[in-house]
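Here is the structure we will look at.
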Amino acid sequence: MRAAGRAVRARLRDRIAASDPGLLRLTAGLRTVGAIALTLAVLSLLGADVHLLVAGAMAAMVATFAIREKQLGAQAVTLALGLPVALASVSLGALLNTRVVVGDAFFVVLIFCAVYGRRFGDRGTALGLIGFQVYFLSLFVGATVDALPELCGAMALAFCSSALMRFAIVPATPAGVLLRLRLAFRARLAQLVSAQLELLDAPADEMDKALEAVREGTARLHETAMMIQGRLEEGTPDESAARLVQRRIADAEVAAERLGLLLLTARTAERADTLTLHLPGAPAPSLAGPRMPDEAGATLRRDLRALHALVLKAGSGDTGAGLAQVRNRLLGYRDEENLPPASAALQDVFRGIGECARAVLGLRIALDGPQDESDDSPATARSREELDAEDAAIDGGEEAAQEEQTGLRRPTTRAAVQVAVGSSLAIIGGELLSTQRWYWAVLTCWIVFLNTASTGEILVKGYRRLLGTVFGVVAGIVLAGLVGKHTWPAFVLVLVLIFAMFYSAPLSYTLMSFFVTAMLGLLYTLLHTYSLDVLLLRIEETALGAACGVVAAALVLPVRTDRRTNELLETVLERLAEVTEAAVGQLSGGPADELLDRARDLDQALADLRAATQPLIHPVTPLRTRRHTARYVVALLETCAYHARTLAATAELLPTHPSIAADPRLRGAAGRTVRNIEAIAARVTDEHAGARVETGPSIASLLGSDDGTPRYGRITDRVLRHLERLDEAVVGLARPLDVPVAAPKG
């Protein structure tokens, strides 16, 4: 019974870790709700009235979610600086509350300064956010000069409650967050292997569904890898340890993605296109048969289940003989003589399983330290030696400084001007709608500019906020009718809605807006200002604020969505060319480079592009052809990034693996691919540029292969396959981006 209970708890823990990597959403929700609850408890013991309870609760929420630094010391400094900012803001709000013109003018200046403060990093962003939100709070509760002492006391209590929750009750050190992210990576890797196992046996009518699960699992694994990358510097003791974890995470990600592609190829009638794994909604290739061959298929199913178990147990501390036997068998597939009799495509899958097992072993050594080697087979011992040699070769590197934009070209300055103009419009329009609650329009205008960089992104965010507000008003009406004038049940529901708001924020902005609006309905009930007219006014003010934000973004220093995506696309192409050229250069015998850092820069640039194209691929976008083109281009770039990432990971092995030899011919063979990437980048920058994409013989033939057919199982042939797929994907980018393709010579 105890063993069964532990297994259930382990599965539950893995599911939670996979659904909320690093438990970041859960931590944010618990901290915020805890800080609010603690503030309310102390204020109620002191006999505070409802207005003070609401002010304290909102201040505790702001003091908690505004702090974004990763280091605890930096968080403490920002929180300490935030208190005087909050006190000054609420005092000015109370003083200027009755002075309409002066108060409105100061609010616009405060908004400009709050947004401009983002150029100073997380601390500037946090202090600006605190200043704006607390001023808004003073308007919401109707702060007066007479009530200032009590309000300032509530502010100080709220900040103390937030500090207690952050540093004592729900602490989150960088090392702890990184540890939880690593557990999430392991859980998501196991989920991807499960999806691949389902792909193996999926019937023809469910193949698309199984492929979509593999596609989603691959994307989620990559997302977690990127989150780990962002936390390595703060969460590891030194740079060498950070680079070691980075290397092992990259190895596991590449091996898992490659295994999925090999499985898909083994199930289909021809070699699967890598694009199939990256293009949402792409149909599965035609199947070679209804099921795998009986004997080879049974062995493959057994080994995929074994790999799944190996991944799950890699972080559990299990070092039993059974786990060692499983590991030894899977690592044995890295040797040709251990491969079971099967077709070439199926043998490739077994090799892929062996590489995944090696990546899992590397992860375990990097994260948990040296392991018991008494049960090692020769294949396992060799894998350990390779990993040890790689670890010894890891060294830190320096990052190149990037050019910083100045003046109105700086995004924070441009956004500050845009928000100030939009807020001025929102104040004027809001006053016409309601002289009492005009500030809701300003709040919406402010919010739609957060974490957006183009007019299209602001439009989509405004639409989502309006949609969430409409449904939230309906929920607010229902909840207000249920709680009536019962203060504490209403506060309990407020806490539940706040937790839901923070937990859902990274997943759906519409859902977050729904919870915010439903919570506000309860707050209005507590303040005895609730009415249907008030909630309907909330919708009108939200629509007005969103419209003002869009108008300001479109007319004041506008950044068109096309311009934004083109800039990011150019950056992605530059990073792709850098990674490809550096990886091929090292594989050709050139000097070592910081390839994994370059690969992660490429991944980050691609993530930024993916986010910027959301307005183009949103379901309400009327231009369907444009939506399909954007989705196809991003999928092609993800395919290119996968091959470049794999080349980088392979090149990193070169100095420590005697079985991998540099081949000087690779540099010349890959030159065309790099030139094509640069040609596409030139056309994206200037559509009148005369650059053309070149086509020609395959990469294998350029290296003098007899028949152009790769010999499976050799590192050089694997490099050739990735170079060929990368070359094909780059040429494929030419058509949707309207880049001319030059006919092959001869």
Side-chain angles (χ1 to χ4, degrees), residues 30-67 75-99 103 106-107 110 114 123 126-170 439 443 485 487-495 497-499 502 519-520 522-529:
L30 289 178
R31 274 182 180 170
T32 307
V33 169
I36 294 172
L38 186 58
T39 303
L40 291 176
V42 176
L43 287 176
S44 63
L45 290 175
L46 297 175
D49 63 14
V50 173
H51 285 73
L52 209 56
L53 291 174
V54 171
M58 293 181 69
M61 181 173 67
V62 173
T64 305
F65 78 74
I67 312 299
Q75 294 174 15
V77 172
T78 303
L79 196 58
L81 293 174
L83 179 56
V85 170
L87 296 179
S89 187
V90 73
S91 300
L92 288 168
L95 288 170
L96 301 176
N97 195 15
T98 57
R99 296 172 174 81
F106 174 77
F107 201 12
L110 176 63
R123 180 164 297 157
L127 295 179
L129 190 58
I130 290 171
F132 170 83
Q133 292 286 3
V134 172
Y135 193 89
F136 170 83
L137 181 159
S138 70
L139 299 175
F140 181 75
V141 300
T144 62
V145 176
D146 294 338
L148 264 182
E150 291 84 358
L151 276 174
C152 290
M155 294 285 151
L157 175 61
F159 273 74
C160 290
S161 299
S162 176
L164 185 62
M165 292 299 299
R166 178 178 295 274
F167 301 117
I169 300 177
V170 190
Y439 44 78
L443 179 68
K485 297 181 180 180
T487 301
W488 289 110
F491 269 122
V492 171
L493 279 176
V494 165
L495 292 177
L497 290 171
I498 288 175
F499 178 84
F502 278 91
M519 176 196 69
L520 289 173
L522 290 173
L523 291 181
Y524 277 130
T525 302
L526 291 170
L527 294 172
H528 307 295
T529 55

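For the atom pair OG1 (Thr144) and CD (Glu150), the distance works out to 8.5 Å, reported to the nearest 0.5 Å. Within the model, atoms CG of Leu523 and CG of Leu493 stand 11.0 Å from one another, a figure rounded to the nearest 0.5 Å. Within the model, atoms CZ of Phe502 and CZ of Arg31 stand 11.5 Å from one another, a figure rounded to the nearest 0.5 Å. Remark: Ser138 OG to Leu96 CG distance equals 9.0 Å, nearest 0.5 Å. To the nearest 0.5 angstrom, Phe106 atom CZ is 13.0 Å from Arg99 atom CZ. Separating the CG atom in Leu495 from the OG1 atom in Thr32 is a distance of 10.5 Å, to the nearest 0.5 Å.
Smallest separation of non-hydrogen atoms from Leu43 and Gly56: CD1-CA, 4.1 Å. Closest heavy-atom contact between Met155 and Val90: CE-CG2, 4.2 Å.
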Review point. What do the steps show when you test Val54 against Phe491 for side-chain contact (heavy atoms from CB on, under 4.5 Å), and what is the final call?
Key: CA-CA 9 Å; Val54 171; Phe491 269 122; 4.3 Å; yes
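Side-chain atoms of Arg166 come within 3.5 Å of backbone atoms of Thr64 as a donor-acceptor pair (strictly under, hydrogens ignored). For the pair Ser89 (side chain) and Tyr135 (backbone), a donor-acceptor distance under 3.5 Å is present.
Considering only residues two or more places apart in sequence or on other chains, Leu30 meets the side-chain contact (heavy atoms from CB on, under 4.5 Å) condition with Leu26, Phe499.
Just one of Leu40, Val42, Leu52 meets the side-chain contact (heavy atoms from CB on, under 4.5 Å) condition when paired with Leu157; it is Val42.
Applying the side chain to side chain donor-acceptor pair (under 3.5 Å) test to pairs two or more places apart or on separate chains, those with a residue in residues 39-51 are Thr39-Ser161.
Between Phe107 and Phe132, the ring centre distance stays below 6.0 Å.
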